[in-house]
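Quick notes on the structure that follows.
Only this structure's heavy atoms are used, side chains among them; waters, hydrogens and symmetry mates stay out.
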Amino acid sequence: NGKESTNKSCRLCNYSIESQLHLLHCPALRTVKQYVIQFLQAMGLDTSLVHPELTWLLGITKTGKLLDPAHHAIIRIQWRYVYAAMVRLKYDGETFSPARIKSDIARTFLARILAFQYEKRLCFFRRRHSHAGNYRLPRSAAQQAEPIGGLRLADGLLTVKTSVISVIQQQGISCDQLILNSPSSPSTTSRCGPSSSSSGARNSGFNNTQGQHGNIPI
């Protein structure tokens, strides 16, 4: 609670003494952690391997293995917004809202996916006419993206798992940014930017793609 405070109770539950260890079990964060667990499951992690302390603090499973970068990222994003909410509660008197934290987590993770997609597409387009000939992205890039979806090494297209999209959409967040780069758009293979097609056409393309492949390319 800070050196200037004499009250050492947790700012969130106001029950136990506040500490990093307590926050791992704080009842006020239960729904937030459950939401993060949904993300981990959607990205293919066996949640029976999640240690109640080591995984949330250090990104280590019960077997002592480090989490994949994507799995670790969602946990770090969670703590970023939890600590921000605690600061606002203390200095601004703002009510702690698990719902807001979950929404912030989903929105930030969506932004990270889009940034990753843009980076890989840009990397491909900058090198496709190089002296290297038929340039392909390194296999390590596909391995890095695997928990989120499939990365096509030939052109940098990322196909996001529908399970990941569903968890994001639980917070009422639009994933139109992902649908814009659907294969139904003729611009997908020529540039990274959004398609100029109408929203109706985008939604139609999304429904067709989801029905055929079960994944949403971005």
Side-chain angles (χ1 to χ4, degrees), residues 36 38-45 59 66-78 80 103-218:
V36 172
Q38 289 184 53
F39 260 118
L40 296 175
Q41 288 177 321
M43 291 189 287
L45 180 68
L66 287 174
L67 293 175
D68 287 333
H71 296 143
H72 199 188
I74 195 69
I75 293 176
R76 287 188 282 109
I77 290 170
Q78 173 215 259
R80 168 185 172 184
S103 179
D104 287 340
I105 290 171
R107 187 173 290 105
T108 299
F109 197 64
L110 173 60
R112 298 286 176 84
I113 292 174
L114 291 170
F116 180 87
Q117 159 72 9
Y118 177 77
E119 176 191 350
K120 298 308 175 187
R121 290 286 278 167
L122 189 63
C123 181
F124 166 76
F125 280 111
R126 283 176 172 173
R127 292 167 174 79
R128 61 177 174 164
H129 297 307
S130 70
H131 65 279
N134 294 329
Y135 176 78
R136 292 172 64 87
L137 292 167
R139 191 172 300 276
S140 59
Q143 293 173 341
Q144 182 182 6
E146 187 175 357
I148 301 170
L151 180 66
R152 200 160 66 191
L153 301 181
D155 57 10
L157 275 178
L158 177 65
T159 303
V160 179
K161 296 176 180 177
T162 51
S163 56
V164 174
I165 297 300
S166 296
V167 177
I168 294 174
Q169 289 177 330
Q170 285 182 25
Q171 302 306 312
I173 295 173
S174 171
C175 291
D176 285 349
Q177 303 100 313
L178 308 185
I179 300 169
L180 286 173
N181 285 335
S182 166
S184 62
S185 168
S187 63
T188 299
T189 57
S190 60
R191 62 186 178 91
C192 307
S195 165
S196 59
S197 59
S198 66
S199 60
R202 292 198 301 268
N203 292 334
S204 174
F206 161 62
N207 292 331
N208 292 338
T209 302
Q210 189 177 36
Q212 294 171 5
H213 305 294
N215 292 324
I216 305 174
I218 67 169

statement: Minimal heavy-atom distance between Gly156 and Leu151, with the atoms involved, is O-CD1, 3.5 Å
- request: Quick one: pull up OG1 in Thr162 and CD in Gln169 and give me the separation to the nearest 0.5 Å.
  value: 10.0 Å
message: Is it true that, when you exclude Glu146 itself, more than 12 heavy atoms of the residues, nucleotides or ligands shown sit nearer than 6.0 Å to its CD?
response: no
query: Only one of Val164, Leu114, Ile113, Ile165 forms a side chain to side chain contact (heavy atoms under 4.5 Å, CB included) with Cys175, so which one is it?
result: Ile165
task: Go through the steps for Lys120 and Leu137 under the test side chain to side chain contact (heavy atoms under 4.5 Å, CB included), then give the verdict.
output: CA-CA 8 Å; Lys120 298 308 175 187; Leu137 292 167; 4.1 Å; yes
field: Closest non-hydrogen atom pair between Phe116 and Ala141, with its separation
entry: CZ-O, 4.0 Å
task: Mind running side chain to side chain contact (heavy atoms under 4.5 Å, CB included) on Arg152 and Thr159 for me, showing each step along the way?
output: CA-CA 8 Å; Arg152 200 160 66 191; Thr159 303; over 6 Å; no
- prompt: Is there a donor-acceptor contact under 3.5 Å from the side chain of Gln117 to the main chain of Leu158?
  reply: yes
- request: For the residue pair Phe39 and Gln78, establish whether any side-chain heavy-atom pair is separated by less than 4.5 Å.
  value: no
message: If I compare all heavy atoms of Arg139 with all of Leu153, which pair ends up nearest, and what's the gap?
response: CA-CD1, 3.9 Å
query: Taking C-beta and beyond as the side chain, do Asp155 and Arg121 meet within less than 4.5 Å on heavy atoms?
result: yes
- prompt: Looking only at atom types and distance, does a side-chain atom of Asp68 sit under 3.5 Å from a main-chain N or O of Ala70, one as donor and one as acceptor?
  reply: no
Stepwise side chain to side chain contact (heavy atoms under 4.5 Å, CB included) test for Met43 and His71: CA-CA 7 Å; Met43 291 189 287; His71 296 143; 3.6 Å; yes
query: Per the side chain to side chain contact (heavy atoms under 4.5 Å, CB included) rule, which among Val160, Ile173, Ile105 passes with Ile168?
result: Ile173
message: Could you report the tightest heavy-atom contact between Val167 and Gln38, atom names first, then the distance?
response: CG2-O, 3.9 Å
